[in-house]
Amino acid sequence: MKSFTVNKNDAGQRLDKFITKSVPLLPKTLLYKYIRIKRIKINGKRAEISTKLQEGDVIDMYINDEFFEAAPEKYDFLKASKNLNIVYEDENIILCDKKAGVLCHPDDKEFTDTLINRIKRYLYEKGEFKPDEESSFVPALVNRIDRNTGGIVIAAKNAETLRILNQKMKDRELHKFYLCIVHGTPKLKSGLLEGYLLKDEDKNIVKISKNRLADSKEIRTKYSVLDSKNGLSLIEVELLTGRTHQIRAHFASIGHPLLGDGKYGTNSQNKKYGYKKQCLYSYKLVFDFTSDAGPLEYLNGQEFAVKDIWFKDAFYNNEL
């Protein structure tokens, strides 16, 4: 028999969801059976699969020891780099300035040194993340940015913050602004680009069309040209929808691909300037809550920005 005490981060979950995360070796068929025959109880009483857990609840599990995983002696995230650029931090969130080349989450080529693992290591070494005391919650990212794009990424330190900010992101109460450099100068100094984006998962590339196609998604890209010189333009972009490669593909579709973008631009254009990495940065984040944010209401109206953007300085110093 083993007991779990529900902490603040685990409260609000269904019983079956909690057990699936806490005891991953237990097959679901047995999980439902053990709840039904009262080998899994809450506070000593019979429980239902859909019971919502409360902080302080005690879950007793009368099941074989083989289903309980032994705690690892060393966590994989401790192998991640300590290099973390923090824009802002409080008891609920961390805003990180992710540099180009760093993955947000593991993929099939890089499992260890990712942004989320760097954050886990940082919080673990501060004593704020104690995986041996957490049954199901781990620090998590609210948004993500492509590997070759830099910018602000939000990490939630607790489950309540993650739930709230995920909803705020879905409701577009978080505004993300990008800086980029494109080839040429758009005809309009500011405007709203609209269209439809279709993603090719196998080739990891997207296509833009003016008309809706099967499986395509609507995209809206608001922009303002800040300056133009030497055949290039520095542009601020506000993403009104957040799709894969949206900014890169949208500007390429109107004849103004990003400087350094070999996927949606052309290498011959980029070669002239000597840049092989795309000039795109998620440089500003604005919290603009239009509905109650509960314990995160203090963030409403706050704006955070990264000032040191390598290609912006190069643009104004005529180094491009």
Visitor: Between Arg147 and Glu110, does at least one N-O distance fall below 4.0 Å, as a salt bridge requires?
Guide: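 No.
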
Visitor: Are any non-hydrogen side-chain atoms of Asp90 and Leu299 less than 4.5 angstrom apart?
Guide: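 Answer yes - side chains close enough.
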
Visitor: Between Leu232 and Leu188, is there a shared hydrophobic cluster once you connect ILVMFWY residues whose side-chain heavy atoms come closer than 4.5 Å?
Guide: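 As far as the 4.5 Å side-chain criterion goes, Leu188 and Leu232 are not connected within one cluster.
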
Visitor: Is atom CG of Asn317 surrounded by more than 12 heavy atoms (other residues, nucleotides or ligands) closer than 6.0 Å?
Guide: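 Result for CG/Asn317: enclosed.
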
Visitor: Are Tyr281 and Tyr283 close enough that their ring centers fall under 6.0 Å?
Guide: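 Ring-ring flag for Tyr281/Tyr283: false, centres at least 6.0 Å apart.
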
Visitor: Could you tell me which residues satisfy side-chain hydrogen bond (donor to acceptor under 3.5 Å, both in side chains) with Lys312, sequence neighbours excluded, listed by chain and number?
Guide: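 None.
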
Visitor: Does the ring of Phe315 carry Lys229 above it, NZ/CZ under 6.0 angstrom from centre and within 45° of its axis?
Guide: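 Yes, Lys229 and Phe315 form such a contact.
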
Visitor: Within the structure provided, determine whether Tyr122 and Ile94 are in side-chain contact (heavy-atom separation under 4.5 Å).
Guide: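 In short, these two side chains touch, coming nearer than 4.5 Å.
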
Visitor: Answer yes or no: are there more than 12 heavy-atom neighbours, outside Lys263 itself, under 6.0 Å from its atom NZ?
Guide: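 Correct, the count exceeds 12.
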
Visitor: Sequence neighbours excluded and cut-off under 3.5 Å, please list the side-chain donor-acceptor pairs for residues 59-66, or say none.
Guide:
| from | atom 1 | to | atom 2 | distance (Å) |
| --- | --- | --- | --- | --- |
| Asp60 | OD1 | Ser3 | OG | 2.5 |

Visitor: May I ask you to check whether over 12 heavy atoms, not counting those of Lys99, lie within 6.0 Å of atom NZ?
Guide: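 More than 12 within 6.0 Å, yes.
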
Visitor: Do Leu213 and Val206 belong together in a cluster built from hydrophobic side chains that touch within less than 4.5 Å?
Guide: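 Result: no, two separate clusters.
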
Visitor: For residues Phe129 and Phe77, establish whether the separation of their ring centroids is below 6.0 Å.
Guide: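 Aromatic pair counts; centres sit under 6.0 Å.
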
Visitor: Quick check on Asp107: does its CG atom have over 12 non-hydrogen neighbours (other residues, nucleotides or ligands) under 6.0 Å away?
Guide: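 Counting other residues, nucleotides and ligands, CG of Asp107 exceeds 12 neighbours.
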
Visitor: Would a 4.5 Å heavy-atom cut-off, applied to side chains only, mark Lys284 and Leu179 as touching?
Guide: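 Lys284 does not reach Leu179 side chain to side chain.
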
Visitor: Can you tell if the side chain of Arg14 reaches within under 4.5 Å of the side chain of Ser50, non-hydrogen atoms only?
Guide: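 Yes, close enough: below the 4.5 Å cut-off.
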
Visitor: Excluding sequence neighbours, so at least two apart, what forms salt bridge (Lys or Arg N to Asp or Glu O under 4.0 Å) with Arg144?
Guide: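 Result, salt bridge (Lys or Arg N to Asp or Glu O under 4.0 Å) vs Arg144: none returned.
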
Visitor: Is any side-chain N of the basic residue among Asp113 and Arg118 closer than 4.0 Å to the acidic one's carboxylate O?
Guide: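 A salt bridge links Asp113 with Arg118.
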
Visitor: If you count the non-hydrogen atoms of other residues, nucleotides and ligands that lie under 6.0 Å from OH in Tyr32, is the total more than 12?
Guide: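 Atom OH in Tyr32 is packed in, count exceeds 12.
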
Visitor: Apart from Leu240 itself, what residues make up its hydrophobic cluster when side-chain heavy atoms of I, L, V, M, F, W and Y under 4.5 Å apart count as a link, directly or indirectly?
Guide: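 Traced through the cluster, Leu240 reaches Leu192.
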
Visitor: Enumerate the side chain to side chain donor-acceptor pair (under 3.5 Å) contacts for residues 18-29, please, sequence neighbours excluded, ordered by first and then second residue.
Guide: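 Output for this query lists Gln13-Lys21.
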
Visitor: Write out all pairs satisfying side chain to side chain donor-acceptor pair (under 3.5 Å) with one or both partners inside residues 162-185, taking only residues at least two apart or from two chains.
Guide: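 Listed by first then second residue: Gln167-Asp171, Lys168-Glu173, Lys168-Ser291, Glu173-Thr290, Glu173-Ser291, His175-Asp288, His183-Asn270, Thr185-Ser228, Thr185-Ser233.
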
Visitor: Once you measure the plane-to-plane angle for Phe68 and Phe4, does it fall in the parallel (<30°), tilted (30-60°) or perpendicular (>60°) bin?
Guide: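 Correct class here is tilted.
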
Visitor: Return the OG1 to CG distance between Thr244 and Leu197, rounded to the nearest 0.5 Å.
Guide: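 One finds 7.0 Å between OG1 of Thr244 and CG of Leu197.
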
Visitor: Would you say the side chain of Arg121 lies within less than 4.5 Å of the side chain of Leu78, judging by non-hydrogen atoms?
Guide: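 Leu78 reaches Arg121 side chain to side chain.
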
Visitor: Is there a continuous path of hydrophobic side-chain contacts, each under 4.5 Å between heavy atoms, that joins Ile116 to Val102?
Guide: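 Yes.
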
Visitor: Is Lys82 atom NZ crowded by more than 12 heavy atoms from other residues, nucleotides or ligands, each under 6.0 Å away?
Guide: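 Not buried by this count: 12 neighbours or fewer within 6.0 Å.
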
Visitor: Does the Lys NZ or Arg CZ of Arg39 fall within the cation-pi geometry relative to Tyr34 - under 6.0 Å from the ring centre and within 45° of the axis?
Guide: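 Pair Arg39/Tyr34 counts as cation-pi.
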
